[in-house]
Colleague: 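Sharing a structure below in structure tokens format, with a few things to ask.
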Amino acid sequence: MTAVRTLFEKIWDAHLVAPETPDTPAILYVDLHLVHEVTSPQAFDELRAHGLKVRRPDRTLATLDHSTPTLPMNADGERPYATPQAHAQVSKLEANCREFGVELHGWDSADRGIVHVIGPELGATQPGMTIVCGDSHTSTHGAFGALAFGIGTTEVGHVLASQCLLQRKPKTLAVHVDGRLPQGVGAKDLILHVIGTIGVNGGTGHVIEYRGCAIEALSMEERMTVCNMSIEAGARAGLIAPDDTTFAWLEGRPHAPQGEAWERAVAHWRTLKTDDGARYDREVRIDASQVQPTVTYGTHPGSAIALDAPVPIARNAVEQRALDYMQGRVGQPMAGTKVDMVFVGSCTNGRLPDLREAARILRGRRVAKHVRMLVVPGSETVRRDAEAEGLHEVFRAAGAEWRLPGCSMCIAMNGDLAAPGQLVVSTSNRNFEGRQGKGARTVLASPATAAASAVAGHIADPREYRIQEEQAA
Amino acid sequence: MKPVTRIHSRTAVLADENIDTDRIIPARFLTTTTCEGLGRHCFNDWRYLPDGSNNPAFPLNHSEGKDCAILVAGRNFGCGSSREHAPWALLDYGIRAVLSSEIADIFRNNALKNGLVAIVIGANEHRWLLDNPGIDLSIDVREQAITLPGGNVLHFELEPFARHCLLEGVDQMGFLLQHADAIGAFEQQREAA
Ligand code: SF4
């Protein structure tokens with residue numbers, strides 16, 4: 001008889017090249033290594049310095065996303081890079097991929113996009129896999145029941161050279177989400193609410209497994225939004241057990257198994273769930289019916305409240321500093337706060353359903369005069385699909401800018417950024433000081449809230465717009 | 001990596017909680033393709049005023065904060081991104097050890113791999129160190145002990161492999177590559193299944 005195990009333990013056990021000992025961490029095999037231009041150049045240099053090769057180029061997939069401009073080429077065929085260094089960084093990844101035989105979804109690829117958007121789109125992300133990337137939001141891929149986490153550049157070098165990672169076994173935290181999300185409340189609201197509840201360090205040292213009927217009811221894109229932000233609670237990874245929703249989404253994608261191999265894969269994937277009676281190190285319960293449209297008011301993602309709830313008073317100097325930075329109004333709700341910019345995009349909310357959600361509110365309306373709105377699809381595939389539906393026309397007609405895919409204002413290292421003091425309602429995942437430009441103030445929100453706020457010119461409840469729609473219909 | 005056995009220094013204190021990796025090294029400095037020279041931009045937007053002069057409100061700009069190799073930071077230091085540029089920047093700036101009651105996982109991992117000793121200490125000791133900046137500490141990695149002025153000793157946990165690598169200056173890549181046969185066997189066995 002085998003002991004009952006959690007989903008995490010099943011994946012962990014299946015990838016042990018060598019188990020951990022008191023003196024040494026486990027050697028964990030990596031099925032898929034995702035690479036981008038920012039965290040890889042020093043790792044490739046390390047390989048070169050030691051005369052090493054990439055052990056499994058077939059398990060390595062690279063893309064350009066962080067430093068890439070989202071405006072098109074100029075008349076001379078030049079891309080408007082923010083700085084020569086940004087251009088050099090991109091060129092370096094292109095050269096490294098050529099030299100080491102790694103598949104790169106570069107400028108000429110029809111699949112280029114944010115690393116955590118294209119992995120799933122290509123079907124490269126699959127249940128039961130171990131997936132790593134030099135980027136903390138690698139947790140996104142956990143939506144497929146893969147153990148996926150961010151690593152540093154030294155570890156990127158380790159994985160390139162050995163296809164393995166040295167790891168101590170993390171602890172497990174179950175987040176049970178019971179009940180149903182209210183009408184007009186989405187996955188982004190839910191995960192902001194969860195982080196607000198457990199705190200920005202609530203998951204430190206743990207892998208979170210999200211479970212319960214509210215999680216099962218989510219689409220794959222919504223599950224990705226949830227798992228994406230696990231790192232914002234400090235967790236190493238987020239996981240959701242694969243089910244029919246997962247299999248239906250993956251079937252037929254370019255890297256997914258085909259034919260008989262598909263059948264065999266699904267049969268195996270069905271075993272990837274936590275056994276009855278398996279123990280987690282910690283468990284938390286969340287009632288989905290209590291979740292409201294949620295936004296942040298401070299300078300970390302744990303400062304999340306319902307958008308009509310009053311901003312709480314600072315309990316210490318650090319919280320006061322955050323409130324001062326945000327120019328927050330204690331006792332007042334975030335709703336009504338004047339907005340300067342709106343950003344819809346990122347690996348949290350840059351997928352087709354996210355763009356549809358924003359377009360639904362923008363259709364037939366206009367972005368307020370004083371607001372600048374950027375809509376940045378998560379990948380070329382998202383861009384094509386959105387344009388096929390005419391979503392880009394909706395955004396443009398509303399006065400928003402429709403851009404090329406990339407990380408853009410999520411990290412603001414490609415030249416897309418806000419000015420000091422400006423307030424940005426953003427569908428991305430981090431509201432740290434200066435994240436969207438030096439001195440810029442970020443309010444994290446769902447695509448619906450972002451779109452409603454763009455129209456209103458201040459932070460606004462998207463449900464009011466839905467109600468208008470229904471009355472008009 | 002050079003071996004790290006002992007660190008002796010006065011402490012500098014940044015008491016803020018949740019000092020994230022964007023504050024340690026803002027994203028616009030990540031377009032570098034080397035690990036060198038990031039110290040100049042360590043804590044950039046906190047350390048400098050918009051005109052480029054030193055911000056007097058940044059504690060490490062004060063004479064007593066200067067040249068300290070040991071940083072005592074508020075809870076949940078290093079949260080956020082996986083950028084190894086954060087420990088690279090701190091090391092280049094002159095910080096060799098970070099002490100806090102909580103340190104974010106990926107940051108800690110990255111730090112130790114680069115010889116930046118990231119140490120988690122108890123809440124009470126943490127409080128005391130936050131309240132008493134500029135004191136002399138001596139960190140002994142082998143003994144996993146911090147000696148306070150007056151001779152009191154504080155023990156800390158360090159993952160045994162990370163400790164071994166620090167003390168011996170071992171590069172973890174070498175350790176992994178020693179297991180090439182086991183990795184090959186694992187791949188074969190899986191591909192046969
Ligand atoms: S969109 Fe933002 S969080 Fe996602 S990979 Fe890009 S920079 Fe990182």
Colleague: Using 0.5 Å steps for rounding, measure from the NE2 atom of A/H158 to the NZ atom of B/K113.
Modeller: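 Result: 6.5 Å between the selected atoms.
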Colleague: With a 4.5 angstrom heavy-atom cut-off, could you sort out which part of A/L52 is near chain B: side chain, backbone, both or neither?
Modeller: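 When you check distances to chain B, only side chain atoms of A/L52 fall under 4.5 Å.
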Colleague: Is it the backbone or the side chain of A/V17 that comes under 4.5 Å from a heavy atom of chain B, or both, or neither?
Modeller: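 Backbone plus side chain of A/V17, per the 4.5 Å heavy-atom cut-off to chain B.
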Colleague: Quick one: are B/P26 and A/E433 in side-chain contact, heavy atoms under 4.5 Å?
Modeller: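 No, too far: nothing below the 4.5 Å cut-off.
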Colleague: How many angstroms lie between atom CD of A/Q85 and atom OG1 of B/T33, to the nearest 0.5 angstrom?
Modeller: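 If we round to the nearest 0.5 Å, A/Q85:CD and B/T33:OG1 are 9.0 Å apart.
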Colleague: What part of B/P50 gets within 4.5 angstrom of chain A, counting heavy atoms only: side chain, backbone, both, or neither?
Modeller: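 It is the backbone, since no side chain atom gets that close.
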Colleague: Answer with side chain, backbone, both or neither: which region of A/A14 has an atom nearer than 4.5 Å to a non-hydrogen atom of chain B?
Modeller: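 Contact with chain B is through the backbone of A/A14 alone.
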Colleague: Against chain B, label A/K92 side chain, backbone, both or neither, depending on which of its atoms sit under 4.5 Å from a heavy atom there.
Modeller: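 Contact with chain B is through the side chain of A/K92 alone.
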Colleague: Side chains of A/T204 and B/R108, heavy atoms from C-beta outward: is any pair under 4.5 Å?
Modeller: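 Result no, sub-4.5 Å side-chain heavy-atom pair not found.
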Colleague: I'd like to check A/F149 versus B/D105 (side-chain heavy atoms, cut-off strictly below 4.5 Å). Are they in contact?
Modeller: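 Not in contact.
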Colleague: What part of A/E20 is in contact with chain B, defined as an atom under 4.5 angstrom from a non-hydrogen atom: side chain, backbone, both or neither?
Modeller: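 Neither the backbone nor the side chain of A/E20 comes within 4.5 Å of chain B.
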Colleague: Identify which part of B/E102 has an atom lying under 4.5 Å from any heavy atom of chain A, answering side chain, backbone, both or neither.
Modeller: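 Side chain only.
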Colleague: Measure the shortest side-chain to side-chain distance between B/I183 and A/R56 over non-hydrogen atoms and say whether it is less than 4.5 angstrom.
Modeller: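 SC-SC contact between B/I183 and A/R56 ruled out.
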Colleague: At a heavy-atom separation under 4.5 Å, does A/R264 approach chain B through its side chain, its backbone, both, or neither?
Modeller: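 Neither part; nothing is under 4.5 Å.
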Colleague: What's the spacing between A/E46 CD and B/M173 CE if we round to 0.5 Å?
Modeller: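 The CD atom of A/E46 sits 5.5 Å away from the CE atom of B/M173.
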Colleague: For chain A, which of B/A86, B/A104, B/P87, B/G80 has the most heavy-atom pairs under 4.5 Å?
Modeller: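 If we count pairs closer than 4.5 Å to chain A, B/G80 comes out on top.
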Colleague: To the nearest 0.5 Å, tell me how far A/T39 OG1 sits from B/N110 CG.
Modeller: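 Answer for the OG1-CG pair, A/T39 versus B/N110, is 10.0 Å.
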Colleague: Tell me, side chain or backbone of B/L177 under 4.5 Å from chain A's heavy atoms, or both, or neither?
Modeller: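 B/L177 touches chain A through side-chain heavy atoms alone.
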Colleague: With rounding to the nearest 0.5 Å, note down the distance linking CZ in A/F432 to CD1 in B/I24.
Modeller: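 If we round to the nearest 0.5 Å, A/F432:CZ and B/I24:CD1 are 10.0 Å apart.
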Colleague: One thing to verify: whether B/E187 and A/R55 come together as a salt bridge, which I'm taking to mean a side-chain N less than 4.0 angstrom from a carboxylate O.
Modeller: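 Here A/R55 pairs with B/E187 in a salt bridge, since their nearest N and O are under 4.0 Å apart.
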Colleague: Quick one: what part of B/H164 sits under 4.5 Å from any heavy atom of chain A, side chain, backbone, both or neither?
Modeller: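 For B/H164, no heavy atom lies under 4.5 Å from chain A.
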Colleague: Which region of A/P420, side chain (C-beta onward) or backbone (N, CA, C, O), has a non-hydrogen atom less than 4.5 Å from a non-hydrogen atom of chain B, or is it both or neither?
Modeller: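 Contact with chain B: none, neither part.
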Colleague: Mind listing the closest non-hydrogen atom pair of B/I106 and A/G150 along with its distance?
Modeller: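 Scanning both residues, the minimum pair turns out to be CD1-O, 3.7 Å.
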Colleague: For residues B/S82 and A/G134, report the shortest heavy-atom separation together with the two atoms involved.
Modeller: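 Heavy atoms only, the tightest pair is OG-C, 3.5 Å.
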Colleague: At a 4.5 Å cut-off on heavy atoms, which part of A/R435 comes close to chain B: side chain, backbone, both, or neither?
Modeller: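 Answer is both: backbone and side chain atoms of A/R435 are under 4.5 Å from chain B.
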Colleague: Can you name the nearest heavy-atom pair linking B/A27 to A/M413, along with the distance?
Modeller: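 So the two residues come closest at O-CB, 3.7 Å.
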Colleague: Of the backbone (N, CA, C, O) and the side chain (C-beta and beyond), which part of B/N18 lies under 4.5 Å from a heavy atom of chain A, both, or neither?
Modeller: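 Contact with chain A is through the side chain of B/N18 alone.
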Colleague: Less than 4.5 Å apart, any side-chain heavy atom of B/R190 and any of A/D31?
Modeller: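 Answer yes - side chains close enough.
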Colleague: Checking A/H50 against B/D171 for the side chain to side chain contact (heavy atoms under 4.5 Å, CB included) test, could you report, in this order, the C-alpha distance in whole Å, the side-chain angles of both residues, the deciding distance, and whether it holds?
Modeller: CA-CA 12 Å; A/H50 291 92; B/D171 170 7; 4.2 Å; yes
Colleague: If you take all heavy atoms of A/S67 and B/T31, which pair is closest and at what distance?
Modeller: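 Here A/S67 and B/T31 meet closest at OG-CG2, 4.1 Å.
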Colleague: Answer whether the closest heavy-atom distance between the side chains of B/E84 and A/E155 falls below 4.5 Å.
Modeller: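 A side-chain contact under 4.5 Å is absent here.
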Colleague: I'd like to verify something: which residue of B/S81, B/A182, B/C79, B/C35 has the highest number of heavy-atom pairs under 4.5 Å with chain A?
Modeller: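 Of the candidates given, the most pairs with chain A belong to B/S81.
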Colleague: Examine whether an atom of A/L28 lies under 4.5 Å from a heavy atom of chain B, and if so say whether it belongs to the side chain, the backbone or both; otherwise answer neither.
Modeller: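 Contact with chain B is absent: no heavy atom of A/L28 under 4.5 Å.
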Colleague: Once rounded to the nearest 0.5 Å, what's the spacing between atom OG1 of A/T83 and atom CZ of B/R28?
Modeller: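 Taking OG1 in A/T83 and CZ in B/R28, the distance rounds to 11.5 Å.
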Colleague: Restricting to non-hydrogen atoms, name the atom on B/R83 and the atom on A/I411 that form the minimum distance, rounded to 0.1 Å.
Modeller: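 Smallest heavy-atom distance, with atoms named: NH2-CD1, 3.7 Å.
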Colleague: Taking the side chain as every heavy atom from C-beta outward, state whether A/V200 and B/R75 have any atom pair closer than 4.5 Å.
Modeller: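 They are not in contact (no side-chain heavy atoms under 4.5 Å apart), so the answer is no.
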Colleague: With a 4.5 angstrom heavy-atom cut-off, is it the side chain or the backbone of B/A185 that approaches chain A, or both, or neither?
Modeller: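 Neither; nothing under 4.5 Å.
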Colleague: Using heavy-atom distances under 4.5 Å, tell me whether B/F186 contacts chain A through its side chain, its backbone, both, or neither.
Modeller: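 Only the side chain of B/F186 comes within 4.5 Å of chain A.
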Colleague: Work out which heavy atom in B/W46 is nearest to a heavy atom in A/R321; give both atom names and the distance.
Modeller: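 Taking every non-hydrogen atom into account, NE1-NH1, 3.6 Å.
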